[in-house]
Structure formats: structure tokens, C-alpha cells
Amino acid sequence: MPQIEPSVLTALMAAAKDAVSNTAVAFSLTAMDVGSSTTVEQRDALVAALRRRPAEVLKPRKEEREAPPTPPTQLEIWSLYADHVDDPLLRGHLHHLLLDAGHGRRPDHVRGAASGYLDAAQLLLAAQDGHGLPRATRCLKRAGELSLKFNQHDIRERATKDAFAVAERLLAGAEDEGRPLLVVLETLQTLECDVADLAERAADLFAREMSGLASSMYSRRMRVPAATRRLMLPWSTRSLTPPIPPMQGSAACTS
């Protein structure tokens, strides 16, 4: 039975600090010197885990090749580190991979993965690096799906509460994050929550943002001299769409 190598654990935590993705953690960890061949084997096993995406929880991935089976030695190393990493996102990721592989006790990995994702979401929401919100909403989505599939009622309740809080934060309009808002609304819908009011508010928010964008674009366009506009866009003074050439032959449609 392998033992945790302190140099590998230290290197893993250093690589994960302020990283914007698991791929970035893997890149940094690969470049670190951890010592002997045993420690290199553990480092490489963890790099392989970081480069592997967990399976979709509630639906199979489409048009994707089946991932090759993971060697038992790698699974043992993943299991060894899963509960000893301080980073909750890494903890959730490792438990999720072990769940996919059917290695160890399923309930432990379900709760380890979902709890890790929920803890990671809170840390990511507090981050100021510009990457926190998208990653946090993806963590909430995975935690919610795991709680639903494996009937983890307490985790489902926590995921629902956190997702509502994030939706309210995004709907406040302080951050320009349209895609995360859609993800968190989808998460709440998956958790069988009534999102009609939130969806209506989101539609109003998007409409205001698009109206503001259109006004800004129009204002910029009108600051360009008319002669230049005609050179750049011959139809600009007549319509927002290019002229449609007349059709040859039969009519375009029949009544």
C-alpha cells in the first residue's frame, strides 16, 4: 500500500494555489521536481487525474470516445490523496474520478465529490481573479446533479440554497456574467426548483444589457463621418442589413 509522499502533497498544493483550472494545476505540477522515482510516480498519477474530466452525472456525453480504464496503481494513488488535499476542488475532483471508476465505497465518493464542489464554490465566489463565478457555477451544477442522482438530501438542500444565493447575486447586475447565470438557473431547474421568477428577471436583465450594447454601438457608429461610413459600409445609411440582390427566375415564395 503506497504512502503519501510529503513532497508530492506540498507540490500539489503549491500548483493548485491561485490556479484557474485543473489543466493549469497539471501543467505546474508536471514541472516540479519532487525527488525519487516513487514520488515521481505519484506526481504523474495526480497529473493524469487533473487532466481527466469526470463523466457527466445525469446524462452520457455525446460523440465522445470512452475513456481508457485507469490502472489500479493510479486509482490507489488518487484514493490516497483524495482526503488529504486542502484544496476542496481537487478533493471533489479526485472523489468524482474514483466514483466514475467504481473504486472504493460509492457513498464516500459521492459525498466527498459533492461536498468538495460545494466548498470550492464558496471559495471561488469570494475570489477576485475574474474566473471565480464561472467555475463556481459549474461546481454547484455538479454538486446538485450528484445529490439528485444519489439521493443525498442534505447536500441537495445545500446546493439549492447556494445556487439561489448565486442567482440573486448575478441578477443584481454587479457582474457581467451572462453564461454563469444560465448555468445556475439550469442547476436550479435540475434540482426541481421553480425558476419562473428568476428566469423572467434574467430575461429583463439580458434585454437591458442588449439595449445598452446596441445604443453604445449606434453612438460609436454615428461618431464616424458619413463619408467614411459610406466607404466602410455602403448600406449603412439605409438599413442595418446588406441589400438583398433580386432573385432570378421564380418568385421567393408563393401565397
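Hydrogens, waters and symmetry mates play no part in the numbers below; they use all other heavy atoms, side chains included.
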Visitor: Can you name the closest pair of heavy atoms from Ala24 and Ala19 and give their distance?
Guide: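 Ala24 and Ala19 have their closest heavy atoms at CB-CB, 4.4 Å.
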Visitor: Give a yes or no on whether the backbone of Val25 and the side-chain of Ser28 come within a donor-acceptor separation of less than 3.5 Å.
Guide: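 No, because the side chain of Ser28 does not come within donor-acceptor range (under 3.5 Å) of the backbone of Val25.
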Visitor: Do you know which two heavy atoms are closest between Ile155 and Ala114, and how far apart they sit?
Guide: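 What the structure gives for the nearest pair is CG2-CB, 3.7 Å.
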Visitor: State the CG-OH distance between Leu46 and Tyr81, to the nearest 0.5 angstrom.
Guide: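 It is 6.0 Å, given to the nearest 0.5 Å.
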Visitor: Is the backbone N or O of Pro54 less than 3.5 Å from a side-chain atom of Asp100, with the two atoms forming a donor-acceptor pair by type?
Guide: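 Between the backbone of Pro54 and the side chain of Asp100 there is no qualifying donor-acceptor contact (under 3.5 Å).
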Visitor: So, do Thr23 and Leu50 sit near enough that their side-chain heavy atoms are less than 4.5 Å apart?
Guide: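 Contact flag for Thr23/Leu50 side chains = no.
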Visitor: Are the side chains of Thr137 and Thr187 in touch, meaning some heavy atoms are under 4.5 Å apart?
Guide: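 With C-beta onward as the side chain, the pair stays apart.
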Visitor: Are Leu148 and Leu99 in one and the same hydrophobic cluster, where Ile, Leu, Val, Met, Phe, Trp and Tyr link if side-chain heavy atoms are under 4.5 Å apart?
Guide: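 As far as the 4.5 Å side-chain criterion goes, Leu99 and Leu148 are connected within one cluster.
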Visitor: Taking side chain as C-beta onward, heavy atoms only, is Arg91 less than 4.5 Å from Pro88?
Guide: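 A side-chain contact under 4.5 Å exists here.
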Visitor: Rounded to the nearest 0.5 Å, what's the gap from NE2 on His96 to CG on Leu89? Could you check?
Guide: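 Output value for this atom pair is 12.0 Å.
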Visitor: Quick check: closest heavy atoms across His93 and Ala49, and the distance to 0.1 Å?
Guide: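 Closest pair (atom of His93, atom of Ala49, distance): NE2-O, 2.7 Å.
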Visitor: Does Met13 share a hydrophobic cluster with Leu80, counting links as ILVMFWY side-chain heavy atoms below 4.5 Å and allowing steps through other members?
Guide: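 Yes; Leu80 is reachable from Met13 via cluster members.
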Visitor: Drop me the distance from Ser115's OG to Asp154's CG, to the nearest 0.5 angstrom.
Guide: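 Between atom OG of Ser115 and atom CG of Asp154 there are 7.5 Å.
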Visitor: Around Phe150, counting heavy atoms of other residues, nucleotides and ligands shown, do more than 12 lie under 6.0 Å from its CZ?
Guide: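 More than 12 heavy atoms, drawn from other residues, nucleotides or ligands, come within 6.0 Å of this atom.
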Visitor: Would you mind reporting whether Ser147 and Leu191 have side-chain heavy atoms less than 4.5 Å apart?
Guide: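 Yes, their side chains come closer than 4.5 Å.
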Visitor: Write down the atom of Leu94, the atom of Ala82, and the distance for their closest heavy-atom approach.
Guide: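 Looking at all heavy atoms of both residues, the shortest contact is CD1-CA, 3.8 Å.
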Visitor: So, the side chain of Ser79 versus the backbone of Leu75: is there a donor-acceptor pair under 3.5 Å, distance only?
Guide: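 A pair under 3.5 Å: no.
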Visitor: Output, in order, the C-alpha distance, side-chain angles, deciding distance and verdict of side chain to side chain contact (heavy atoms under 4.5 Å, CB included) for His103 and Trp78.
Guide: CA-CA 10 Å; His103 182 84; Trp78 295 356; over 6 Å; no
Visitor: So, applying side-chain hydrogen bond (donor to acceptor under 3.5 Å, both in side chains) with Gln152, which one of Arg111, Glu157, Arg158 is it?
Guide: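 Result for side-chain hydrogen bond (donor to acceptor under 3.5 Å, both in side chains) with Gln152: Arg111.
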Visitor: Using a 4.5 Å cut-off on heavy atoms from C-beta on, say whether the side chain of Asn22 contacts that of Leu90.
Guide: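 Yes, at least one pair of side-chain atoms sits under 4.5 Å.
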Visitor: With heavy-atom distances below 4.5 Å as the criterion, would you say the side chains of Glu168 and Leu198 are in contact?
Guide: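 Heavy-atom side-chain distance check passes, below 4.5 Å.
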Visitor: Given the rule that I, L, V, M, F, W and Y join up when any side-chain heavy atoms are under 4.5 Å apart, are Val85 and Ile77 in one cluster?
Guide: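 Per the 4.5 Å side-chain linkage, Val85 and Ile77 are co-clustered.
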Visitor: Do Gln42 and Val34 have side chains that get closer than 4.5 Å, going by heavy atoms?
Guide: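 Sidechains of Val34 and Gln42: no contact.
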Visitor: Looking at every non-hydrogen atom in both residues, tell me the closest pair between Asp33 and Gly35 and how far apart they are.
Guide: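 Shortest heavy-atom separation between Asp33 and Gly35 comes out as OD1-N, 3.2 Å.
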Visitor: With a 3.5 Å cut-off and no angle check, do the side chains of His95 and Asp83 form a donor-acceptor pair?
Guide: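 Present: a donor and an acceptor within the cut-off.
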Visitor: Got a second to check how far Glu5's CD is from Arg43's CZ, nearest 0.5 Å?
Guide: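 With rounding to 0.5 Å, CD (Glu5) is 12.5 Å from CZ (Arg43).
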Visitor: Are Leu125 and Leu185 linked, directly or through other ILVMFWY residues, by side chains that come within less than 4.5 angstrom of each other?
Guide: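 They do share one cluster, since a chain of ILVMFWY contacts under 4.5 Å joins Leu125 to Leu185.
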Visitor: Shortest non-hydrogen contact from Ala121 to Cys139?
Guide: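 Shortest heavy-atom contact: CB-CB, 4.1 Å.
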Visitor: Hey, any chance Phe164 and Leu181 share a hydrophobic cluster, counting ILVMFWY side chains that come within less than 4.5 Å of each other, even indirectly?
Guide: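 Yes, it is one cluster - the side chains of Phe164 and Leu181 are joined through contacts under 4.5 Å.
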Visitor: So, taking the atom named CG in Asp194 and the one named CD in Gln189, what distance separates them when rounded to the nearest 0.5 Å?
Guide: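 It comes to 10.0 Å.
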Visitor: After noting the C-alpha distance and the side-chain angles of Leu140 and Tyr117, does the key distance pass the side chain to side chain contact (heavy atoms under 4.5 Å, CB included) rule?
Guide: CA-CA 7 Å; Leu140 289 174; Tyr117 288 142; over 6 Å; no
Visitor: For the NZ atom of Lys149 and the CZ atom of Arg156, what is their distance to the nearest 0.5 Å?
Guide: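 These two atoms lie 15.0 Å from each other.
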Visitor: Contact between Arg138 and Arg135 at the side-chain level, heavy atoms closer than 4.5 Å - yes or no?
Guide: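 In short, these two side chains touch, coming nearer than 4.5 Å.
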